[in-house]
Amino acid sequence: MKINLYNSSTKSKELFVPIDPKKVTMYVCGPTVYSFPHIGNARGPVIFDVLANLLRREYQLVYVRNITDLDDKIYQAAEEEGVQISEITQRYTKIYQEDMNALGVRDPDIEPLATDHITEMIKMIQGLIDKSHAYENQGHVFFSIDTFDDYGFLSNRSEEEQISGTRIKPSEIKKNQKDFVLWKPSTGDTPGWESPWGFGRPGWHLECSAMAKKYLGKTLDIHGGGSDLLFPHHENECAQSMCSHSGKPLANYWIHNGMIDFDNVKMSKSEGNLLLIRDLLKQIGPEVIRMAFLTTHYRKPINWNDALITDSEKKLDRLYGSIRKLGKVSPAEPTEEMINALADDINTPKALSELFAIAKRVNNAKSENESKQLASTLVGSANLLGLMNEDAEKWFENIDVDEKLIDRLLNEREAARSDKDFEKADQIRQEIESLGVSIEDGPDGPIWKKQ
RNA sequence: GGCAAGGUGGCAGAGUGGUUAUGCAGCGGCCUGCAAAGCCGUGGACGUCGGUUCGAUUCCGAUCCUUGCCUCCA
C-alpha cells in the first residue's frame, strides 16, 4: 500500500515514507479542557481516526494526542465557577473523551497531560537558554526567533510579512517583538511550579514539543492539528524543537484539517455560534455527524447546516438500506478501491462513492449468498471510515416513536389490505406517517422507518 | 496590507488534457392495489478573459469573486 499525504510544510502531496519502515509515529494536538467540545473540535479527531485506521493496516502505529490541562482559560473557568482547577480539567477531559467515543473515535495510544510534564519542559527551556536560543528577563523566558534562521518556514512567512499587520502586543521585555514566551511568572492564585527562573508556568507551545520528544522521539512521522494551529502554534513548536535538537525536523509530514463554518460564518467563541457535540447528539445519531465530516475532503472547509445533516442521514439510509433484511452482517476485508481512496490523501468523498458502488452490487445480487458476501464487504469497507457499526434494523428504528402503537396500526392496516379495503389502508398509512414514520410494503410484509 | 486555499450541473461534492464521479432532488420506465424501497434509463457542469495544444473543466497568465490564517481558537 502506497500512501500519499498532503504535507502542509511543502504544500504538496507526497509519498508517505516513515522513518522506521515498520513503525509510524503520529502526534495530534488535542483539546484544552475548559468547556464542552463543539463539532469543530471533533473534525480533526475523526479525520485522524480514519488515518490511524488506515496506517494500522500496514504499520505499527503509535498515536499520541495530548490533553492541554494548563492554560489561562482553564484558570479563568475555575475562578468563574469558584472550584478547583483540577475539577475543571478532570471534568472536561472526561467529557471530551466521552464525546469522542460517542462519535466512534478510537482512543489514541497515549494521551499525556501537560501538567505531568513540567520537568521535561523546564529541561527543554534550560537547554534552549544554554544554546542561546532563549533568554530570561524579569522572570520570563523568551524564545529568541532571531537565533533561528528558518523561523517562518512552516507557515511560509518572511519576517517582513509578519511585521506588517502584526497584532502582537508590544512588550518592553522582549528583544524582538515576535519572540514568544517559554516561561512566565505566576502570581496570586495562578498555579505555578518552581523553576530556575522563579515560580511560574510554561508558555502554550512548549508542551507539545516536550511531550512529542518524550513519547515519540526528536522527529515525528506525522504531526497533525487544525489549520488554525499552523501559525503561530506549530511554527513555534518547530522553532523550539529544532533548536533543541540540533536542527532535526520536528515532523516529516504536517497534516492540517480545515475548519467548520456554521451557516457560512466561522464557528468560534467570538462569534458565539458554537454547536456542542452533546447537544447535537440529542437530535441526530453519531454516524450522521461522522458522515457529514467525511462528505468533504478534510482540508476544505465544511459549511454546517440542516441540509448537510439531512443529506448525511439519507446517505446512511441508502447504505443501511442495502443490507437491511440480510440479518446480522459480519465485516469482511475492505475493497482495494476503498483502501486506495484513503491512501490518496484520505480522500473520503471518493471512499464514500466506493461504498455506494458496493451497496449497488448488494442490491443487484442474484442470490442471498452473494448479497451476504457483498454486504460483509460493504460493512468492512465502511468500518474503515468508522461507519456502519450499527445494526441495520436498529438504524431504521427511532427510539422516540411508540413502537407498540406503530405495530398495532400496521396490523390494522394489514387486515384492511387483506380485505381489499384500500381506502382504510391508506387512511391508516397517513395516520402512521403523521407520527413521523414511513411504511414500505415488501414480500415479507410491511416494514417501517423513521422519516 | 501579507500569506494561503477555493470558485464544478438544482444542492452537496470528487476527479480528469480527449471517455460515467458519487449522493440527494428532477424526468421516463420496471415492480406495487396505491405508495415506498430497489432496479433500468435519462437531462443538466466545470467563475470570466486570453495563451499553449489536434483538443482544456483539467496546464500557463490575467481578472473578478469567496473563504481561511496573520489575536484565543480544532
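Computed from heavy atoms alone, side chains included, the values below leave out hydrogens, waters and symmetry copies. Chain letters run A, B, ... following the sequence lines, proteins first and then strands; every chain starts at 1.
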- Query: Closest nucleotide of RNA chain B for A:S353 versus for A:G30: which of these residues is on the 5' side?
  - Reply: A:S353

- Rounded to the nearest angstrom, tell me the gap between atom NE2 in A:H233 and atom P in B:U71. 15 Å

- Message: Taking atom types as they are modelled, would you say the side chain of A:R324 forms a donor-acceptor pair with the base of B:A37 within the 3.5 Å cutoff?
- Response: no

- Expressed as a whole number of Å, how far does the P atom of B:C69 sit from that of B:A74? 12 Å

- Hey, does the side chain of A:R318 come within less than 4.0 Å of B:G38's phosphate (OP1/OP2), counting only N and O? yes

- Query: Does A:N41 or A:D311 map to a spot on RNA chain B nearer the 5' end, using the closest nucleotide for each?
  - Reply: A:D311

- Task: May I ask you to evaluate whether A:N364 reaches the phosphate of B:C40, defined as a side-chain N or O under 4.0 Å from OP1 or OP2?
- Result: yes

- B:G13 OP1/OP2 closer than 4.0 Å to side-chain N/O of A:T296: yes

- Query: Does any non-hydrogen side-chain atom of A:S381 lie less than 4.5 Å from one of A:L355?
  - Reply: yes

- Side-chain touch A:W254/A:L154, heavy atoms, less than 4.5 angstrom: yes

- Message: Does the structure show a Watson-Crick or G-U wobble partner for B:G26, both distances under 3.5 Å? Name it, or say none.
- Response: B:U42

- Item | P spacing across the pair B:U32 / B:G18, given as an integer number of angstrom | 44 Å

- Euclidean distance, atom CG of residue A:L230 to atom P of B:C69 [Å, nearest integer]: 12 Å

- Task: In whole angstrom, give the distance that lies between atom CG of A:L229 and atom C1' of B:U71.
- Result: 13 Å

- Query: A:W204 side chain N/O closer than 4.0 Å to the phosphate oxygens (OP1, OP2) of B:C73?
  - Reply: yes

- Query: Do any side-chain nitrogens or oxygens of A:K360 fall under 4.0 Å of OP1 or OP2 in B:C40?
  - Reply: yes

- Query: Could you give the CG-to-C1' distance, from A:N363 to B:C40, as a whole number of Å?
  - Reply: 13 Å

- Choosing from B:A74, B:C72, B:A5, which nucleotide comes nearest the side chain of A:I260? B:A74

- Which nucleotide, in any strand shown, forms a Watson-Crick or G-U wobble pair with B:G68, with both distances under 3.5 Å? B:C3

- B:G15 OP1/OP2 closer than 4.0 Å to side-chain N/O of A:N347: yes

- Item | Rounded interatomic separation in angstrom, taking OH from A:Y298 and P from B:G13 | 17 Å

- Query: Within this structure, what is the CG-to-P distance between A:D441 and B:G33, rounded to whole angstrom?
  - Reply: 9 Å

- Whole Å only: how far is the CG atom of A:D228 from the C1' atom of B:A4? 14 Å

- Taking CZ from A:F48 and P from B:A74, how many angstroms apart are they, rounded to a whole number? 14 Å

- Item | Flag for A:D391-A:Y320: side-chain donor and acceptor within less than 3.5 Å | no

- If we take the C1' atom in both B:A56 and B:U19, what is their distance in whole Å? 15 Å

- Hey, are the side chains of A:H140 and A:W183 touching, using non-hydrogen atoms and a 4.5 Å cut-off? no

- Query: When you check the side-chain N and O atoms of A:E111 and A:N66, is any donor under 3.5 Å from an acceptor?
  - Reply: no

- Message: Roughly how many Å apart are B:C39 and B:A14, using the C1' atom of each and rounding to a whole number?
- Response: 25 Å

- If we call it a pair only when both distances are under 3.5 Å in a Watson-Crick or G-U wobble match, what pairs with B:A62? B:U48

- Message: A:F180: which residues meet the ring pair (Phe, Tyr, Trp, His ring centres under 6.0 Å) condition with it, sequence neighbours left out?
- Response: A:F143, A:H205

- Give a yes/no on whether any side-chain N or O of A:K315 is located under 4.0 angstrom from OP1 or OP2 of B:A12. no

- Say you pick atom P in B:G7 and the same atom in B:U48; how far apart are they, in whole Å? 13 Å

- Determine the interatomic distance between P on B:G41 and the same-named atom on B:G33; round to the nearest Å. 25 Å

- Please state the P separation for the pair B:C73 and B:C65 - nearest whole angstrom. 32 Å

- Message: My understanding is that a pair needs two contacts under 3.5 Å, Watson-Crick or G-U wobble. By that rule, which nucleotide pairs with B:A37?
- Response: none

- Message: Base of B:C34, side chain of A:R429 - is there a donor-acceptor contact under 3.5 Å?
- Response: yes

- Task: Could you tell me which nucleotide pairs with B:A56 by Watson-Crick or G-U wobble geometry, both distances under 3.5 Å, or answer none if nothing does?
- Result: none

- Message: I'd like to know if the side chain of A:W204 pairs up with that of A:D72 as donor and acceptor (distance under 3.5 Å, no hydrogens or angles considered).
- Response: no

- Message: Work out how far the C1' atom of B:A4 is from that of B:U22, and round it to whole angstrom.
- Response: 29 Å

- Side-chain donor-acceptor pair under 3.5 Å between A:T68 and A:E207, yes or no? yes

- Taking a pair to mean Watson-Crick or G-U wobble geometry with both distances below 3.5 Å, B:G9 pairs with none

- Nearest to the side chain of A:K11 - B:A12, B:A4, B:C34? B:A4

